[in-house]
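Letters go in sequence order (proteins before strands), and every chain restarts at 1.
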There are 2 protein chains.
Amino acid sequence: MGAQKRKSDCPINYALELFGDRWTLLIVRDMMLKGKHSYGEFLKSEEKIATNILADRLALLEEAEVVIKLPDPAHGSKYIYKLSQKGIDLLPVLVELIMWSAKYDPDSTVEKKFVTQVKKNRETLLKEISSRLKEELAA
Amino acid sequence: MGAQKRKSDCPINYALELFGDRWTLLIVRDMMLKGKHSYGEFLKSEEKIATNILADRLALLEEAEVVIKLPDPAHGSKYIYKLSQKGIDLLPVLVELIMWSAKYDPDSTVEKKFVTQVKKNRETLLKEISSRLKEELAA
DNA sequence: CTGTATCCTTAGGGATACTG
DNA sequence: CAGTATCCCTAAGGATACAG
């Protein structure tokens, strides 16, 4: 696995070949915006990902170096998953997806506060979140 | 078709249930950044989408009101596809995907000029492109 | 708890032929 | 040109059981 033949070298296609499915970005979301870091926490998300899919996507994300997997020193047998810098850099993508859905999905659960924050001071907010993620990565 | 049950009301999930596949966003890209507007032009893209997939995705995009389909007045029997405002509003998402891939894909085909433009003056560039798209929509 | 493994079903998608 | 319609295969994914 890993290097299948690419359909093209288009940057959109590059992203799609990693994230072009219904689950991968939800895992990234959980790590980036919900503070989740373990297999068990990912399983508990409301979308109810299956165990085999979760394991598969975590492996793909790790292989793509978006996610780093390490033994959890605190709990011994547990693993912990962290976003790499490459993963942290997906933050703007996630934010724009959220903004778009907030605008067009009538059932959206996005907090208005978040939307106004982004509109008012996008750069500052991005920096705040990503520096928090960077601290997690360094820890 | 149309309203299958949603996995969740999360905004990321909303976007994923429309774009969470390997093809849909490539069609949006063609309309947004490559000036394509017809079935035949979409078929010619280097990723080689199959006719049935293309027809299916165009129908889904139309149903989601991201794309508007109209008879082409100039050529009679031809149809033309345009991005709606909802579609145009995907521009920031596409741009961030491109920026991310430009940074991490060694084979990326993104022009450096584009990257520096976005970094230097993101808002201006977004406005330029989207106002051009709006003119197309109005035409 | 963190996964693997298996089974089974459905959805995605490539190839190609055909129609208005 | 703009699609439909098939056929057929593979990948995706849900359910559940099992293992370290």
Side-chain angles (χ1 to χ4, degrees), chain A residues 1-8 13 16-28 30-31 35-64 67-82, chain B residues 1-8 13 16-28 30-31 35-64 67-82:
Chain A
M1 30 233 67
Q4 344 71 315
K5 53 194 171 297
R6 292 175 62 171
K7 288 203 298 284
S8 81
N13 186 55
L16 251 27
E17 297 200 348
L18 221 201
F19 302 111
D21 76 280
R22 294 185 123 79
W23 292 107
T24 307
L25 225 46
L26 294 179
I27 300 173
V28 174
D30 281 354
M31 303 186 67
K36 298 189 181 184
H37 297 284
S38 72
Y39 188 91
E41 289 175 311
F42 300 140
L43 272 186
K44 275 179 231 146
S45 292
E46 59 172 334
E47 290 89 3
K48 296 289 162 209
I49 190 169
T51 58
N52 53 344
I53 306 296
L54 175 58
D56 178 70
R57 295 309 190 281
L58 283 172
L60 287 175
L61 286 170
E62 197 189 350
E63 184 192 331
V67 155
I68 298 169
K69 173 183 184 174
L70 15 141
D72 187 339
H75 306 79
S77 82
K78 274 176 56 175
Y79 292 103
I80 198 167
Y81 298 87
K82 293 180 176 187
Chain B
M1 28 229 74
Q4 345 67 319
K5 53 195 171 297
R6 292 175 63 170
K7 289 203 298 284
S8 80
N13 186 55
L16 252 27
E17 297 200 349
L18 219 203
F19 303 110
D21 76 280
R22 294 184 122 79
W23 293 107
T24 307
L25 225 45
L26 295 179
I27 300 173
V28 174
D30 281 354
M31 304 185 67
K36 299 190 179 182
H37 296 285
S38 72
Y39 188 90
E41 289 174 313
F42 300 140
L43 271 187
K44 274 178 230 144
S45 292
E46 62 173 330
E47 290 90 2
K48 296 290 162 209
I49 191 169
T51 58
N52 53 344
I53 307 295
L54 176 57
D56 178 72
R57 295 310 190 279
L58 283 173
L60 287 174
L61 285 170
E62 196 188 350
E63 185 193 331
V67 156
I68 298 168
K69 172 183 184 175
L70 18 142
D72 186 339
H75 306 79
S77 84
K78 273 178 56 175
Y79 292 103
I80 199 168
Y81 298 89
K82 292 181 175 185

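Partners of A:A50 according to the side chain to side chain contact (heavy atoms under 4.5 Å, CB included) rule, which considers only residues two or more places apart in sequence or in another chain, are A:N52, A:I53. Applying the side chain to side chain contact (heavy atoms under 4.5 Å, CB included) criterion to A:I68, with sequence neighbours excluded, gives A:L70, A:S84, A:L137. In this structure A:K36 satisfies the salt bridge (Lys or Arg N to Asp or Glu O under 4.0 Å) test with no other residue, sequence neighbours excluded. Take A:E62 and apply the side chain to side chain contact (heavy atoms under 4.5 Å, CB included) test, not counting sequence neighbours, and it matches A:K69. For A:D30, the salt bridge (Lys or Arg N to Asp or Glu O under 4.0 Å) criterion is met by no residue, not counting sequence neighbours.
In terms of phosphate contacts, A:K44 brings no side-chain nitrogen or oxygen within less than 4.0 Å of OP1 or OP2 of C:dT2. When the side-chain nitrogen and oxygen atoms of B:R57 are compared with OP1 and OP2 of C:dG13, one or more of them lie within a distance under 4.0 Å. The phosphate of D:dG3 (OP1 or OP2) has a side-chain N or O of B:Y81 nearer than 4.0 angstrom.
Residue pairs satisfying the salt bridge (Lys or Arg N to Asp or Glu O under 4.0 Å) criterion with at least one member in residues 37-55 of chain B, sequence neighbours excluded, are listed as follows: B:R29-B:E47.
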Report task. Apply the test side-chain contact (heavy atoms from CB on, under 4.5 Å) to residues B:F42 and B:L58: give CA-CA distance (whole Å), side-chain angles for both, the deciding distance (0.1 Å), then the verdict. Result -> CA-CA 10 Å; B:F42 300 140; B:L58 283 173; 3.9 Å; yes
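Over its full length, the helix from C:dC1-D:dG20 to C:dG20-D:dC1 turns its helical axis through 40°, comparing axes from the five pairs at each end and rounding to 10°.
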Please list each protein N or O that sits under 3.5 Å from an N or O in nucleotides 14-16 of chain C, with the distance.
from, atom 1, to, atom 2, distance (Å)
C:dG14, O6, B:N52, ND2, 3.2
C:dA15, N6, B:N52, ND2, 3.3
C:dT16, O4, B:T51, OG1, 3.2

